[in-house]
Amino acid sequence: MYQYTDFDQTIVDERVAQFRNQTERFLSGALSEDEFRPLRLQNGLYVQKHAPMLRVAIPYGLLNTKQLRMFAHIARTYDRCYAHFTTRQNIQYNWPALARVPDILADLASVQMHAIQTSGNCIRNTTTDQFAGVAPDEVVNPLIWAEIIRQWSTIHPEFAYLPRKFKIAISGSREDRAAILVHDIGLQATRDANGQIGFRVAVGGGLGRTPVVGVVIKEFLPWQHLITYLEAILRVYNLTGRRDNKYKARIKITVKETGVAEFAKRVDAEFARNENGATRLSDVQVDEVAARFSAATYLDLPQDDAIVVTLAASNNAFARWLKRNTHPHRVAGYAAVSLSLKRKGVPPGDVTANEMEAIAALADRYAQGELRVTHEQNLVFADVEQRALPELWRELDALGFATANIGLIGNIIACPGGDFCSLANAVSIPVAQAIHERFESLDYQFDIGELDLNISGCINACGHHHVGHIGILGVDKNGEEWYQVTIGGAQSIAQGGADSGLAASEALSQRTARIGKIIGPSFARADVPEVVEKLIQTYLGARERDDERFVDVVARIGIEPFKENVYAETH
Amino acid sequence: MPKLIDSHGVRLNDPWLTYAGDAHAIAAGSCVILPLTEFREFAGTWKNHAKAIGVLLSPSDDPAAIAGDFDKLRVIAIDFPSFTDGRGYSLAHQLRERHGWTGELRAVGDIQRDQIDLLSRAGFDTFGLRDDQDAAIALTGLKDFSIAYQYSAGRRTPRVALNGQLTR
């Protein structure tokens, strides 16, 4: 966990004061709606259906229990006792009053948090792997670099009024758990033959109206140049990105219209002019940031503790939880644990104030007081002693966060949708809940195996439907809610097809994101669970091995067999 | 006349007039800011007519077009047709850092109180406020932040970035 310096604290405090002043001027009529809009957006404040919505940054998804307790306090004091974890590792409050938002921001600042640039046409919260720092397949710890990017991008004078929003994701492991190729900039931290850290840089990825997989424009960027190169990309985009049409304003369109080679050339030219300028990073700067991260402490513990093995052999529920909701750790005797926020009758990602406090108490006891938010809208305890897993499982089970559905169909990603969001064409949460109920049986979920089902209530794709193995998109047809279904999408998959047979060492360069294909005309809301059922049945009939996943089968046989089954006349 | 401010306060008696197509509005011996196309075509004529010359860049202009003419210029102004059009910030960076313009860099157009801090840190040193803006209130915008993570383009003060560390 990064600890603020006085410098960091001063900036956040001064930002609160600035926004308080801006809010007062808006409420007094001195600032017009149009003038205030970008200011409030860059402080996380949307105007939504029922009330303003405040999006609070959780930088790269990392959180301590003091901060989680503050979230609970805010939910209770200023909102309706709950909040929503988002697909961008942020948290949203749906019911704050505008006049009190500066107070909320001041409360956040008291625990080293803020809502800076969580919205608006600027550089947003940089996201990363929820297992950063503990994953066995990690090559470079991305957290330090994510924090450097946070500082650099915070209130950057040149990039506060970009053509459109701008999202950066960074991964430092072999498997990309941060979906970097569907971000405006995707950074893959890696090492050269001499062990020097550098970044493979992809640009122009994104979901939304025009889903695009990012393209690599720099194979290896030495770390000293990270900020200079990011500035070069941002500067070329700021100057040449389209401002005449907001649907064509993202960098993916700039890259497409300019041509990848030409875009890369312009970036290189801009970079070359500033290569040894003021933004070149020094060892001192990086070390200073690294030193502000509190390190986890590890005991000398045996791998696969007997207490865990014994319980798993006798208790099927625990064994399933162990299989789905715990994850390998680079330190022997430790595990990372996912808390599933996908529960029956509760919108994905929603947590009450009481639950936050209960989770904070568990994180203090079992996870060294820290936790992470995942882009799948779950929480992770990154440093848990294996021998404590049985106890933690019982505690989580009692709270309802131990559903063994991580990576399964029950782990649905869904945006807030039409129930809350003024952009949405259709609701998401009731659809997620209907599917959740249909596939409630864990036996069935385990039989189906790994499957990402993602739902977005509109083309802005906050639910990442394009990269769901099954993606569901709410569309508006003459004022009615309909749902378009895509299959075969993936946030990180071996190029050319299935994952099987791919050595871990090869994985890095051969992985890509894939956009799902639309299977055909859209469906009425009530029919969606049945459509998903038919897709699943088609898959189960076609798979050749138990470990051949849904997405692998789609890659192997194409979408036609699925289409035929779904659209076949049943009478 | 638009209100002009800088980090020291309100600048009274700004001598600069902006040429907007009517040459009669610019008396001989004036200080005149010319749009880029006018400067490119008629710099020689204006040099004889005016006391001093500046250039006005629109957001789509390339600063490289005047990089060889800095010795003829006393001010460069960049137009912000809307405060949400952020291209001018990058033009400022290019003028300061790439082309080495050390003279006055002026932001004009839709210039409001809440963008002054960003403009200042991006390299601008004078701000021609939108007509309805209160100069005294706009000046407080320069005091919103005492520090920043980014170095400021074109400043000779120590370059501070990232957590207050001196970059080199």
Side-chain angles (χ1 to χ4, degrees), chain A residues 4-8 10-11 14-15 17-19 21-22 25 30-31 34-39 120-122 147-148 150-163 227 231 234-241 243 270 273-274 276-282 284-289 292, chain B residues 59-64 80-94 96-99 110 112-124 130 132-134 137 140-141 143-155 158-168:
Chain A
Y4 274 16
T5 60
D6 290 347
F7 197 95
D8 299 309
T10 301
I11 285 177
E14 291 180 348
R15 177 67 158 200
Q18 181 192 45
F19 187 63
N21 174 283
Q22 289 166 341
R25 281 185 286 130
L31 274 177
D34 284 347
E35 288 162 4
F36 184 56
R37 187 181 305 109
L39 308 178
N121 295 333
C122 53
E147 172 59 24
I148 287 173
R150 183 192 76 82
Q151 294 185 18
W152 158 73
S153 61
T154 296
I155 324 178
H156 195 298
E158 193 180 342
F159 307 125
Y161 292 100
L162 296 170
I227 298 304
E231 285 207 355
L234 265 299
R235 187 165 303 123
V236 170
Y237 169 59
N238 191 33
L239 286 169
T240 61
R243 290 171 187 270
E270 190 61 42
R273 289 182 201 112
N274 297 288
N276 294 310
T279 49
R280 185 186 163 111
L281 288 169
S282 67
V284 181
Q285 286 176 305
V286 177
D287 291 349
E288 169 75 12
V289 171
R292 303 293 301 180
Chain B
S60 56
D61 288 335
D62 183 353
F80 287 79
S82 156
F83 77 96
T84 57
D85 185 338
R87 287 176 290 178
Y89 295 93
S90 285
L91 296 185
H93 182 280
Q94 290 185 330
R96 291 295 196 205
E97 296 290 309
R98 173 170 156 195
H99 301 298
D110 188 4
Q112 304 171 43
R113 186 253 180 233
D114 292 292
Q115 286 75 47
I116 302 273
D117 167 68
L118 298 170
L119 290 165
S120 167
R121 292 197 289 124
F124 290 94
R130 198 176 70 184
D132 65 344
Q133 295 287 299
D134 181 305
I137 291 173
T140 64
K143 296 198 166 70
D144 280 354
F145 291 96
S146 59
I147 51 175
Y149 286 120
Q150 304 80 12
Y151 72 93
S152 293
R155 298 286 162 82
R159 289 181 157 176
V160 174
L162 288 173
N163 237 336
Q165 289 294 309
L166 291 177
T167 48
R168 274 183 296 164

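Residue numbers start from 1 in every chain, and the chains themselves are labelled A, B, ... in the order their sequence lines are given, proteins ahead of strands.
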Side chain, backbone, both or neither: which part of [X] has a heavy atom under 4.5 Å from chain B?
{"X": "A:E158", "result": "both"}
{"X": "A:R273", "result": "side chain"}
{"X": "A:L239", "result": "both"}
{"X": "A:L234", "result": "neither"}
{"X": "A:A160", "result": "side chain"}
{"X": "A:F159", "result": "side chain"}
{"X": "A:D6", "result": "neither"}

Distance in Å, [X] [atom1] paired with [Y] [atom2], rounded so as to fall on 0.5 Å steps:
{"X": "A:D8", "Y": "B:Y149", "atom1": "CG", "atom2": "OH", "value": "3.5 Å"}
{"X": "B:Q150", "Y": "A:I155", "atom1": "CD", "atom2": "CD1", "value": "8.0 Å"}
{"X": "A:T240", "Y": "B:R87", "atom1": "OG1", "atom2": "CZ", "value": "10.0 Å"}
{"X": "B:S82", "Y": "A:R243", "atom1": "OG", "atom2": "CZ", "value": "9.0 Å"}

Are the side chain of A:E14 and the backbone N or O of B:S146 linked by a donor-acceptor pair below 3.5 Å?
->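 Yes: the side chain of A:E14 pairs with the backbone of B:S146.
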Got a sec, which residues hit side-chain contact (heavy atoms from CB on, under 4.5 Å) with A:N21, two or more places apart in sequence or on another chain?
->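 Expected list: A:R25, B:R113.
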Salt bridge check: are B:R130 and A:E35 linked by an N-O gap of less than 4.0 Å?
->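 Yes, B:R130 and A:E35 are salt-bridged.
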For the student: nearest non-hydrogen atoms of [X] and [Y], plus distance:
{"X": "B:T84", "Y": "A:P38", "result": "CG2-CG, 4.0 Å"}
{"X": "B:G86", "Y": "A:N238", "result": "O-ND2, 3.0 Å"}
{"X": "B:A122", "Y": "A:P157", "result": "N-CB, 3.9 Å"}
{"X": "B:Y151", "Y": "A:E231", "result": "OH-OE1, 4.4 Å"}

Side chain, backbone, both or neither: which part of B:S60 has a heavy atom under 4.5 Å from chain A?
->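 Neither part; nothing is under 4.5 Å.
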What part of B:D85 gets closer than 4.5 Å to chain A, counting heavy atoms only: side chain, backbone, both or neither?
->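 Both backbone and side chain of B:D85 come within 4.5 Å of chain A.
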Any B:H93 side-chain heavy atom under 4.5 Å of A:N274 side chain |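 The answer is yes; the side chains approach within 4.5 Å.
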Aromatic rings B:Y89 and A:Y161: how do their planes relate, parallel, tilted or perpendicular, breaks at 30° and 60°?
->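 Aromatic pair B:Y89/A:Y161 classed parallel.
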Check the pair B:D114, A:Q22 against side-chain hydrogen bond (donor to acceptor under 3.5 Å, both in side chains), reporting the backbone distance first and the verdict last.
-> CA-CA 8 Å; B:D114 292 292; A:Q22 289 166 341; 2.9 Å; yes
